[in-house]
Amino acid sequence: MEIGTVVSLDETEQEVVMSIAQKRYDSSIKNNLKDTRPGICDPFIADLEGFAAEFAFCKMANCFPDFVIGVHVAKNDKGDCKYCGYSIDVKTTKNPNNGLIVKPWKKDKVDAFALFTGTFPNYTFRGFYPSAAVFLPENLKEVFDQNNYVVPQSKLMELDQFFDQMITDAERFKYINHKALEGVW
């Protein structure tokens, strides 16, 4: 997984993504959830772009996306997928120059974040960043009239850098599927 990798969803994948996005949108309406995502005009488009980027990451990483339709709230947020034992939360923005933007309530929810830029159905991988490194005081900025943690793209990591950062003790290391990583490092 190299920074700059472009992932395009084929016609069948687009249909799956649109179906899940519609079901998530409908679930939000049914449960009277207020859309708190900044800078998005249409909540359905936000659901579509968000799940499409998650699906793109999973396609690139050869892992399985979270197809859960139910209400996603802070207390039950476990990220968008598991990759080599790590919980990953995928973020997306249509601006190719934007950095990783993470809400404060995401702290202690996942192991790492992955950023994609683009619009449905084409996304560009911009890199990984460990959760512990996101939630530092120097990353707290006012964005969209709210305090959010912001990491510029220049700090995001390729896969090998990410694993070097994440593998800090033997207990964590045992969960990595070494066969899946052959040829990656």
Side-chain angles (χ1 to χ4, degrees), residues 1-7 17 21 24-25 28 33-58 60-61 65-66 71-84 86-168 172:
M1 282 185 263
E2 294 181 18
I3 290 174
T5 298
V6 175
V7 180
V17 166
R24 286 184 175 179
Y25 174 76
S28 296
L33 292 182
K34 181 181 177 212
D35 190 356
T36 61
R37 294 170 288 205
I40 302 290
C41 297
D42 182 337
F44 171 74
I45 296 299
D47 286 336
L48 175 68
E49 293 292 354
F51 185 65
E54 294 166 24
F55 198 94
F57 174 83
C58 291
M60 179 180 75
D66 176 3
V71 178
H72 288 80
V73 293
K75 69 179 180 181
N76 69 3
D77 189 345
K78 294 182 173 101
D80 299 318
C81 64
K82 285 279 191 185
Y83 180 66
C84 295
Y86 294 109
S87 58
I88 307 293
D89 194 36
V90 179
K91 299 295 182 193
T92 186
T93 175
K94 59 184 170 184
N95 184 327
N97 300 311
N98 278 359
L100 176 67
I101 300 172
V102 181
K103 292 183 176 209
W105 67 264
K106 287 277 189 175
K107 186 174 184 178
D108 299 325
K109 300 295 181 187
V110 296
D111 296 316
F113 296 91
L115 177 65
F116 277 82
T117 61
T119 56
F120 185 75
N122 302 302
Y123 298 91
T124 303
F125 178 63
R126 299 301 180 176
F128 290 105
Y129 212 66
S131 185
V134 169
F135 298 101
L136 300 175
E138 62 264 29
N139 293 333
L140 193 59
K141 312 263 188 269
E142 188 173 310
V143 180
F144 304 116
D145 298 322
Q146 301 174 1
N147 282 329
N148 288 288
Y149 289 89
V150 179
V151 179
Q153 282 188 30
S154 62
K155 288 188 174 184
L156 300 183
M157 302 173 182
E158 298 271 357
L159 184 63
D160 58 349
Q161 294 172 291
F162 167 72
F163 280 123
D164 287 346
Q165 180 84 22
M166 295 298 285
I167 301 170
T168 56
R172 210 52 185 142

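These numbers come from a predicted model, not from an experiment.
Once rounded to the nearest 0.5 Å, the distance linking CD of Glu49 with OG1 of Thr93 reads 9.5 Å. Atom CG of Asp80 sits about 13.0 Å away from atom CZ of Phe55, to the nearest 0.5 Å. For the atom pair Gln161 CD and Tyr129 OH, the distance stands at 10.5 Å (nearest 0.5 Å). Between the CD atom of Gln153 and the CG atom of Asn95 there is a distance of 8.5 Å, given to the nearest 0.5 Å. Considering CZ of Arg24 and CG of Asp47, their distance stands at 7.5 Å, rounded to 0.5 Å. The distance from atom CG of Leu115 to atom NZ of Lys91, rounded to the nearest 0.5 Å, is 10.0 Å.
Under the ring-ring contact (aromatic ring centres under 6.0 Å, His included) criterion, Tyr149 pairs with Phe135, sequence neighbours left out. For Phe125, the ring-ring contact (aromatic ring centres under 6.0 Å, His included) partners two or more places apart in sequence, or in a different chain, are Phe116, Phe128. Shown here are the salt bridge (charged side-chain N to carboxylate O under 4.0 Å, His left out) partners of Lys106, two or more places apart in sequence or in another chain: Asp77, Asp89.
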Practice problem: Might you work through the side-chain contact (heavy atoms from CB on, under 4.5 Å) test for Lys82 and Ser87, ending with a clear yes or no? | Solution: CA-CA 5 Å; Lys82 285 279 191 185; Ser87 58; 4.0 Å; yes
Practice problem: Please test Tyr83 against Leu159 for side-chain contact (heavy atoms from CB on, under 4.5 Å), starting from the C-alpha separation and ending with a verdict. | Solution: CA-CA 11 Å; Tyr83 180 66; Leu159 184 63; 3.8 Å; yes
Exercise. Kindly determine whether Leu48 and Val17 satisfy side-chain contact (heavy atoms from CB on, under 4.5 Å), including the steps that lead there.
Key: CA-CA 7 Å; Leu48 175 68; Val17 166; 3.8 Å; yes
Exercise. Apply side-chain contact (heavy atoms from CB on, under 4.5 Å) to the pair Tyr123 and Val6, showing each step before the final yes or no.
Key: CA-CA 6 Å; Tyr123 298 91; Val6 175; over 6 Å; no
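Residues Cys58 and Cys81 form a side-chain contact, since some pair of their non-hydrogen atoms from C-beta on lies under 4.5 Å apart. Met157 places a side-chain heavy atom less than 4.5 Å from the side chain of Pro130. Contact annotation: the side chain of Thr124 never approaches that of Thr5 to less than 4.5 Å [non-hydrogen atoms, C-beta and beyond]. Within the 4.5 Å cutoff, side-chain heavy atoms of Ile88 are placed close to those of Phe57. Annotation: side chain of Val7 is not in contact with side chain of Asn122 (no heavy-atom distance under 4.5 Å).
No more than 12 heavy atoms of other residues, nucleotides or ligands sit less than 6.0 Å from atom CD of Glu2.
For the side-chain contact (heavy atoms from CB on, under 4.5 Å) criterion with Ile101, the lone passing option out of Val151, Asn148, Val134 is Asn148.
Across Asn139 and Ala133, no two heavy atoms sit closer than the pair ND2-O, 3.0 Å. Across all non-hydrogen atoms, the minimal contact from Ala21 to Phe44 is C-CE1, 3.9 Å. A pairwise comparison of heavy atoms in Asp66 and Glu54 identifies O-OE1, 4.5 Å as the closest pair.
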